[in-house]
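Just so you know, these numbers use all the heavy atoms, side chains as well, and skip hydrogens, waters and symmetry mates. Chain letters run A, B, ... following the sequence lines, proteins first, then strands; residues in each count from 1. Quick caveat: nothing in here was measured; it's all calculated off a predicted structure.
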Amino acid sequence: LDALTVAVYEHAVILPNKTETLVSQDKCPVPYEREYRFLDRAIKHSAKQRNAQMTVTPEDALYGWKFSRETISLYLKDIPAPQVNWITCQNTQRFGYTPVQQRLSCLAKDNSIYVVANIGDKKPCNASDRQCPPDGRYQYNTDVVFDSEGRLVARYHKYNLFAPEIQFDFPKDSESVTFETPFGKFGIFTCFDIFSHTPAVVVVDEFQVDSVLYPVAWYNTLPLLSAVPFHSAWARAMRVNLLAANTHNTSMHMTGSGIYAPEAVKVYHYDMETESGQLMLSELKSRPRNEPTYPAAVDWSAYARSVKPFLSEQSNFPGMIYFDELTFIELKRNTGNYTVCQKDLCCHLTYKMSEKRTDEVYALGAFDGLHTVEGQYYLQICTLLKCQISDLRTCGEPVGSAFTKLEEFSLSGTFATRYVFPQIILSGSQLAPERHYEVLRDGRLRSRS
Amino acid sequence: RTPLPVLVLALYGRVFDKDPPRLGQGPRRFE
């Protein structure tokens with residue numbers, strides 16, 4: 001099949017009160033019963049009414065996340081490897097009592113649709129394993145995929161846990177989980193994994209998947225780590241389809257799901273106004289690499305290394321973005337050329353504003369260093385951003401609206417990596433439509449003329 | 001050409017060669 005219709009469901013999970021007390025086994029289904037009904041309805045609708053072939057649901061969508069290691073353990077079951085070739089819905093007791101897997105399998109089978117969900121896997125261990133936790137079990141944040149016959153075809157253990165996930169264990173080894181379908185090759189990983197070479201880059205570059213399934217519980221942190229801009233940029237730069245399903249929880253700034261192709265954003269959803277979930281669907285090319293529209297590889301530093309830095313009499317100043325200290329320079333006029341450097345990275349900007357408002361301040365920033373807060377990962381960033389207020393000390397702080405308009409821009413940098421994710425965020429946290437900008441093969445992010 | 005009310009333009013680069021062995025800090029860091 002050349003194309004497929006996919007669905008992504010942003011689910012507004014109701015979190016239980018902080019679950020610190022153990023519950024009896026017979027009460028296990030209760031916490032996820034409501035959540036399951038929502039997922040069931042969304043998946044049935046996408047299959048029956050919209051002819052989708054696959055639905056992706058978010059990380060933590062069934063259980064929420066306010067658990068200790070002990071309290072979540074009762075909800076976890078052993079999830080076998082897909083190699084056992086298990087149609088759970090038909091052979092329900094083969095691996096013991098597994099009600100959640102059974103329901104997901106039957107949902108997939110009865111509606112002839114691939115179902116992607118995030119649950120938990122529990123694996124007993126003993127003292128012969130020196131890394132076995134004291135309570136005698138490993139607990140993994142786990143994605144599962146059931147095919148349209150209800151067969152378990154993928155099981156992925158989240159490799160890079162986010163810091164507060166104290167209820168889960170890190171897998172010892174990374175595994176790249178992929179599976180073939182009539183509509184292309186798929187890979188899967190979860191949330192924080194996207195920052196890591198393993199598994200995110202490996203599954204794309206070495207396993208050559210066509211599409212990535214991506215359940216997340218992602219809280220947005222402007223200016224650079226908001227779900228929709230970052231995930232769509234990742235799909236563009238990695239040149240794969242990305243099906244990103246986010247949990248919806250506005251109090252934790254969790255919203256932003258989408259279906260992203262290498263050449264274009266197909267559909268996205270961002271809603272900080274309501275507490276409702278959202279189902280979205282789109283058609284995708286099954287094998288984007290074979291398409292004439294497949295974007296060429298970008299040499300991200302080619303242009304920036306070929307030009308001389310723009311000289312300026314203005315002073316640089318420091319500013320923080322998500323705990324990283326950038327070097328900034330203020331954009332003083334309606335038009336201009338600026339260069340700002342930090343360590344080995346120099347960022348060049350050429351721009352023209354149609355009318356620069358006096359109460360809005362913009363700055364060009366550079367960062368070249370190791371981020372060390374919720375994880376350790378090395379970044380090189382070039383960014384033009386609006387400062388929160390006219391005080392330069394607020395440059396890098398989150399801001400929601402802008403009235404100054406850019407007519408022309410060209411941003412580039414002397415990057416020492418081929419993994420660069422280009423983002424444009426407009427007033428109201430909206431994405432810029434692709435017709436307004438382009439990424440050139442020499443690494444310039446440029447307005448379209 | 002439509003002028004855009006831009007909040008952020010960014011080129012967000014990841015230099016995997018300079019990463020420590022494992023990205024996540026996990027529970028131990030927060031205990």
Which one, A:Ala237, A:Gly400, A:Ser174, A:Ser447, leads in non-hydrogen pairs under 4.5 Å with chain B?
A:Gly400

Nearest heavy-atom contact between B:Pro5 and A:Ala402 is CB-O, 3.6 Å

Bottom line for A:Thr404: the part with an atom under 4.5 Å from chain B's heavy atoms is backbone

Quick one: what part of A:Val201 sits under 4.5 Å from any heavy atom of chain B, side chain, backbone, both or neither?
side chain

Below 4.5 Å from any heavy atom of chain B, which atoms of A:Thr198 appear? Answer side chain, backbone, both or neither.
neither

Derivation and outcome, side-chain contact (heavy atoms from CB on, under 4.5 Å), residues B:Val8 and A:Ile424:
CA-CA 6 Å; B:Val8 183; A:Ile424 303 181; over 6 Å; no

Which atoms of A:Arg418 come close to chain B, meaning under 4.5 Å heavy atom to heavy atom: side chain ones, backbone ones, both, or neither?
neither

Is the closest side-chain heavy-atom distance between B:Leu11 and A:Leu445 below 4.5 Å?
yes

Hey, could you give me each pair passing salt bridge (Lys or Arg N to Asp or Glu O under 4.0 Å) that has a residue in residues 360-370 of chain A? Not counting sequence neighbours.
A:Glu360-A:Lys386

Please output the side-chain donor-acceptor pairs of residues 12-19 of chain B that fall under 3.5 Å, not counting sequence neighbours, one pair per line with the distance.
from: B:Arg14; atom 1: NE; to: A:Phe195; atom 2: O; distance (Å): 2.9
from: B:Arg14; atom 1: NH1; to: A:Tyr378; atom 2: O; distance (Å): 2.8
from: B:Arg14; atom 1: NH1; to: B:Asp19; atom 2: OD1; distance (Å): 3.1
from: B:Arg14; atom 1: NH1; to: B:Asp19; atom 2: OD2; distance (Å): 3.4
from: B:Arg14; atom 1: NH2; to: A:Phe195; atom 2: O; distance (Å): 2.6
from: B:Arg14; atom 1: NH2; to: B:Asp19; atom 2: OD2; distance (Å): 2.4
from: B:Asp19; atom 1: OD1; to: A:Tyr378; atom 2: N; distance (Å): 2.8

Chain B interface, residue from A:Val420, A:Leu406, A:Ile381, A:Leu370 that has the most non-hydrogen pairs under 4.5 Å:
A:Leu406

Counting only heavy atoms not in A:Arg357, do more than 12 sit closer than 6.0 Å to its CZ atom?
yes

Select one option (side chain, backbone, both, neither) describing which atoms of A:Phe367 are under 4.5 Å from chain B's heavy atoms.
neither

Less than 4.5 Å to any heavy atom of chain B: does that hold for the side chain of A:Ile321, its backbone, both, or neither?
neither

Taking all non-hydrogen atoms of both residues, which atom of A:Leu426 and which atom of B:Leu7 are closest, and how far apart?
O-CD1, 3.4 Å

Result of checking A:Tyr351, A:Phe409, A:Tyr362 against B:Leu9 for side-chain contact (heavy atoms from CB on, under 4.5 Å)
A:Phe409

